[in-house]
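Source: prediction; values computed, not measured.
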Amino acid sequence: MIGVDIVVVERIEKSMEKYGEKFLRRYLNDEEIALVKKPQTAAGFWAAKEAVSKALGTGIGESLHFKDITIKKTERGAPYFLLPEEIMARYAIRSTSLSIAHDGGFAIAVVAIEGSAAPDEV
């Protein structure tokens, strides 16, 4: 299952300026907020969470919330994500992959999820 999302960094930056940390708390946990040093990172995390929801075929809403998805970084700075065990089991997820990039005022995320349950089967 593949999911992709693209975000205009300026949109996230304006929300950060207007609402501060309150905006970030809408979709990030404390650990994720600590990783955000600039608007590009916040936009990348937004795109990553949206891409995960698209890969699962749910979108962000009733069955999957922003805070169900946790973005982390390896020691070398590569992003990855974690999902609750319930969601991992529901989709029989065996492996995941995340790539985030930002350039030219955009942040994009691509997610690949290997599982045995297709979104319309759950």
Do any pairs count as a side chain to side chain donor-acceptor pair (under 3.5 Å) and have a residue in residues 24-36, sequence neighbours left out, and if so which ones?
Glu21-Arg25, Arg25-Asp30, Glu31-Lys72, Glu32-Lys49
Rounded at 0.5 Å granularity, tell me how far CD in Gln40 sits from CD in Glu13.
7.0 Å
Smallest separation among heavy atoms of Gly44 and Ala109, with atom names
O-CB, 4.4 Å
Nearest heavy-atom neighbours spanning Met16 and Ala42
SD-CB, 3.8 Å
Output the distance between atom CD1 (Ile2) and atom CD (Glu114), rounded to the nearest 0.5 Å.
10.5 Å
d(Ile69 CD1, Leu56 CG) to nearest 0.5 Å is 7.5 Å
Minimum heavy-atom separation for Asp68 to Pro84, with atom names?
O-CD, 2.9 Å
For Ile12 against Pro39, the heavy-atom pair lying closest together:
CG2-O, 4.2 Å
Decide whether Leu35 and Trp46 are clustered together by the hydrophobic rule: side chain heavy atoms of Ile, Leu, Val, Met, Phe, Trp, Tyr closer than 4.5 Å, transitively.
yes
If you count the non-hydrogen atoms of other residues, nucleotides and ligands that lie under 6.0 Å from OH in Tyr19, is the total more than 12?
no
Interatomic distance, His65 atom NE2 to Thr58 atom OG1 [nearest 0.5 angstrom]:
10.0 Å
Cluster link Met1 to Val110, ILVMFWY, side chain under 4.5 Å
no
Once rounded to the nearest 0.5 Å, what's the spacing between atom OG1 of Thr41 and atom CD1 of Ile71?
12.0 Å
Ile108-Tyr80 co-clustered via ILVMFWY side chain contacts under 4.5 Å:
no
Determine whether more than 12 heavy atoms belonging to other residues, nucleotides or ligands lie under 6.0 Å from atom NZ of Lys14.
no
Ile113 and Tyr91: side chain to side chain contact (heavy atoms under 4.5 Å, CB included), yes or no, with the steps?
CA-CA 9 Å; Ile113 297 175; Tyr91 292 91; 5.9 Å; no
How close do Ala47 and Val7 get, counting heavy atoms only, and between which atoms?
CB-CG2, 3.8 Å
Decide whether Phe23 and Ile60 are clustered together by the hydrophobic rule: side chain heavy atoms of Ile, Leu, Val, Met, Phe, Trp, Tyr closer than 4.5 Å, transitively.
yes
Shared hydrophobic cluster, Met88 / Leu64 (ILVMFWY, side-chain heavy atoms < 4.5 Å):
yes
Please report the interatomic distance CD(Glu10) to CZ(Phe106), rounded to the nearest 0.5 Å.
10.0 Å
Salt bridge check, Arg90 against Glu86: does any charged N sit closer than 4.0 Å to a carboxylate O?
yes
Can you name the closest pair of heavy atoms from Ala55 and Gly3 and give their distance?
CB-N, 3.6 Å
